[in-house]
**Q** 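Okay, handing you the structure first.
In the text below, chain A, chain B and the rest are named by the order of the sequence lines, each starting its count at 1.
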Amino acid sequence: MGYWLVKSEPYKYSWEQLLKDGRTYWDGVRNYEARNNLQAMKSGDAVLFYHSNEGLAVVGIARVVAKAYPDPTTDDPRWVAVDIEPVETLAKPVSLSDLKKEPRLQNLALIKQGQLSVMPLTKEEFAVIVAQGRA
DNA sequence: GCCAACGTTGGC
DNA sequence: GCCAACGTTGGC
């Protein structure tokens, strides 16, 4: 079972929109490292949903429901998309500043490499963030 | 709106 | 294959 964190700008696609839709495809990735991470996702993997630009917080937990397939929004075969569905809305969004304060999260790509939009998490990192979000 | 960080592109 | 220039992203 894999653990991931994906970023979305709320005005493009927000957590609330995902709740309303019930399921969405995660596309538009145009960065090789993020693409490689997408391709490594498997159905059933857990995905934290982070709002960038506005909010700056992890707001919910989603699940991969379809592993990587060619991105339907482009003819370029290099890019892929996955399908995700919402699992749980965090009672208390975990903000970026909270993440930065947590010693166990200092290796997060979110903190070290701000512009990566899809990144892997360890099981512990996932658990730490979710525990904060439920507190 | 600004600026720093990073990835990608293209000339040599 | 190197490296400078450029574009994009995202925090502040």
**Q** With the threshold set at 4.0 Å, does a side-chain nitrogen-carboxylate oxygen contact exist between Arg30(A) and Asp71(A)?
**A** yes
**Q** Could you check Trp79(A) against Tyr32(A) for side-chain contact (heavy atoms from CB on, under 4.5 Å), going step by step and ending with a plain yes or no?
**A** CA-CA 8 Å; Trp79(A) 308 117; Tyr32(A) 286 109; 4.0 Å; yes
**Q** Could you give the CH2-to-C1' distance, from Trp79(A) to dT8(B), as a whole number of Å?
**A** 10 Å
**Q** Report yes if some heavy atom in the side chain of Val47(A) is under 4.5 Å from a heavy atom in the side chain of Ile61(A); otherwise report no.
**A** no
**Q** Without decimals, in angstroms, what is the distance between Asn37(A) CG and dG7(B) P?
**A** 12 Å
**Q** Does the distance from a Lys or Arg side-chain N to an Asp or Glu carboxylate O, for Arg23(A) and Asp83(A), drop under 4.0 Å?
**A** yes
**Q** Grab the N/O contacts between the protein and nucleotides 10-12 of chain C below 3.5 Å, and write none if there aren't any.
**A**
| from | atom 1 | to | atom 2 | distance (Å) |
| --- | --- | --- | --- | --- |
| dG10(C) | OP1 | Lys7(A) | NZ | 3.4 |
| dG10(C) | OP1 | Gln115(A) | O | 3.4 |
| dG10(C) | OP2 | Glu9(A) | OE2 | 3.3 |
| dG11(C) | OP1 | Tyr50(A) | OH | 3.1 |
| dG11(C) | OP2 | Asn53(A) | N | 3.2 |
| dC12(C) | OP1 | Lys100(A) | NZ | 3.0 |

**Q** On DNA chain B, compare the nucleotides closest to Arg78(A) and Lys112(A); which residue's is nearer the 5' end?
**A** Lys112(A)
**Q** In whole angstrom, what separates Asp76(A)'s CG from dT9(B)'s P?
**A** 10 Å
**Q** CG of Asn31(A) versus P of dT9(B): gap in Å, rounded?
**A** 11 Å
**Q** List the residues meeting salt bridge (Lys or Arg N to Asp or Glu O under 4.0 Å) with Glu9(A), not counting sequence neighbours, and say none if there are none.
**A** none
**Q** State whether a side-chain donor-acceptor pair under 3.5 Å links Thr24(A) with Asp21(A).
**A** no
